[in-house]
Amino acid sequence: MTTLRWGILGPGRIAPRLVRAVGGCARAELAAVASRDAARARSFAGAHAIPMAYDSYDSLLSSPDVDVVYVALPNHLHAEWTIRALAAGKHVLCEKPLALSVAEVDAIADASGRAGRLAVEGFMYLHHPQVLRAIELARGGALGRLELVNGTFSFFLTHPGDPRVDPSMGGGSLWDVGCYPVSLARRIAGEEPDGVGAFARFDERGVDRTFVGQMHFPGGLLAQFDCGFAAPDRERVEIVGSDATLVLESPFLPAPDGPPPSVTMRRGRDETPVDVRSTDQYQAEVEDLTAAILDGTPPRLDLAFSRGSIATLVDLDTAARAHLGSATG
Ligand SMILES: NC(=O)c1ccc[n+]([C@@H]2O[C@H](COP(=O)([O-])OP(=O)(O)OC[C@H]3O[C@@H](n4cnc5c(N)ncnc54)[C@H](OP(=O)(O)O)[C@@H]3O)[C@@H](O)[C@H]2O)c1
């Protein structure tokens, strides 16, 4: 096999990014899309020149003409459809968060092992050269002794029918955008936190709309972040060391084209730009999985990393809910 044929489950908001990413990857092509609604599947297939349109996710999984499945469904369906796709003999790229509990990640790992197929969580920003460089600089000692990682990711989400504010669908800003600064801090630490703290403002359905969290890592690194659905677009990361601070102005959603994202090294009043290039990070994600499947290289994100992600998010959510009475409103 030299070219992987991709199938998309869920032609929603994020799916066109994957279409572009696969289109830019020499060893990948789009084969199929599936929707619960036949007309929606046909319309998406027509708009993106995808050969096959299925009116159910199961029928796409039964197709012998699909090698890799992209799970682009609401959060509560990630584990179920990842496991079903693996059982059907497909490799899987599943959007973040891979699951909503550690037990679900373990079930995915079991299914992956049984099927001999890969399952990878779609944290596209962890494939961008700016983040790879930042992690390399931080872990390589360029900032001195690492002290603190500070991250922010928020935007306005006002539509009440959106799955991201539905408690039965894995809603909440922590699961949707907080997972980014949390995963980056863990990546920089190179280990899992041994303590967390958190507060949140929950809506009337118990979904967090603004969240602040803190993590302590065994090696001493501290991390804090805020995320939310109730503030204008904000994203930023500072990695603070004893000698210098690295600042990423668009760590999570840098534009794929145009000027490169801003990354600066700050020492006292001196600011030095770090040389990074613009990249379609979704394409980098597809290429990483393609190489893992076709060449046997280890995927950049493994299930142990995802397990740590989900465990930390669950702990943060639990910590914030412990203060529910005092923090509502
Ligand atoms: N990595 C990133 O940059 C990024 C960005 C945005 C979102 N995401 C992640 O990608 C996933 C999908 O996000 P999205 O914004 O694309 O979601 P979305 O547009 O709200 O939903 C995606 C698709 O899910 C299907 N679906 C299945 N059951 C559903 C239900 N009960 N209610 C609503 N839709 C249902 C729908 O397709 P049919 O009804 O046609 O089958 C829908 O088009 C989420 O997990 C999100 O966290 C990642």
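Sequence positions, counted from 1, serve as the residue numbers for this chain.
Using a 3.5 Å distance cut-off with no hydrogens or angles, the side chains of E121 and S306 do pair a donor with an acceptor. Side-chain atoms of Q281 and E285 form no donor-acceptor pair, as typed in the model, at a separation below 3.5 Å. Side chain to side chain, S56 and R36 fail the donor-acceptor criterion of an N or O pair below 3.5 Å. T290 and R27 form no side-chain donor-acceptor contact under 3.5 Å, judged by distance and modelled atom types alone.
Hydrophobic clustering (ILVMFWY, side-chain heavy atoms < 4.5 Å, transitive): M52 and V22 are in one cluster.
Under the side-chain hydrogen bond (donor to acceptor under 3.5 Å, both in side chains) criterion, K90 pairs with no residue at all, not counting sequence neighbours. Taking the side-chain hydrogen bond (donor to acceptor under 3.5 Å, both in side chains) definition, one finds that S112 meets it with nothing, sequence neighbours left out. A search for ring-ring contact (aromatic ring centres under 6.0 Å, His included) contacts involving F305 returns nothing, not counting sequence neighbours.
The side-chain heavy atoms of L100 and I310, taken from C-beta on, include no pair separated by under 4.5 Å. Contact check for T158 versus F229: no side-chain heavy atoms found under the 4.5 Å cut-off. Side chains of E192 and F217 form no contact here, defined as non-hydrogen atoms less than 4.5 Å apart. L143 places none of its side-chain heavy atoms less than 4.5 Å from the side chain of D243. Considering only heavy atoms from C-beta on, H127 comes within 4.5 Å of L301 through its side chain. You'll find the side chain of V263 reaches within 4.5 Å of the side chain of L246, heavy atoms only. At least one side-chain heavy atom of E95 sits under 4.5 Å from a side-chain heavy atom of I14.
Residue F156 is found outside any hydrophobic cluster, as its side-chain heavy atoms come under 4.5 Å of no other Ile, Leu, Val, Met, Phe, Trp or Tyr. The other residues sharing a hydrophobic cluster with L148 are L222, V240, where clustering joins ILVMFWY side chains under 4.5 Å apart. Annotation for M169: hydrophobic cluster partners, listed by chain and number, are none (ILVMFWY side-chain heavy atoms under 4.5 Å, direct or chained).
Counting only residues at least two apart or in different chains, salt bridge (charged side-chain N to carboxylate O under 4.0 Å, His left out) contacts with residues 40-63 comprise D58-R84. Applying the ring-ring contact (aromatic ring centres under 6.0 Å, His included) test to residues at least two apart or on different chains, the pairs with a partner in residues 71-98 are Y57-W81. Within the structure, the salt bridge (charged side-chain N to carboxylate O under 4.0 Å, His left out) test picks out the following pairs touching residues 146-167 (sequence neighbours left out): R13-D162, R145-E147, D162-R164. Among pairs with a residue in residues 253-278, those fulfilling salt bridge (charged side-chain N to carboxylate O under 4.0 Å, His left out) read R20-D257, E249-R266, R266-E271, at least two apart in sequence or across chains. Listed by first and then second residue, the ring-ring contact (aromatic ring centres under 6.0 Å, His included) pairs involving residues 235-254 are Y125-F252, F153-F252, Y180-F252 (not counting sequence neighbours).
Of the inter-residue distances, the one linking W6 atom CH2 with I50 atom CD1 reads 12.5 Å to the nearest 0.5 angstrom.
Under a 3.5 Å cut-off, the side chain of H128 and the backbone N or O of Q130 do form a donor-acceptor pair. Under a 3.5 Å cut-off, the side chain of S101 and the backbone N or O of E104 do form a donor-acceptor pair. In this structure, the side chain of Q214 does not engage the main chain of A198 through any donor-acceptor pair within 3.5 Å.
Salt bridge D106/R307: present, at least one basic N to carboxylate O contact under 4.0 Å.
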Could you list the donor-acceptor pairs under 3.5 angstrom formed between side-chain atoms of residues 131-138 and any protein atom two or more places apart in sequence or on another chain?
from : atom 1 : to   : atom 2 : distance (Å)
R133 : NH1    : E136 : OE1    : 2.6

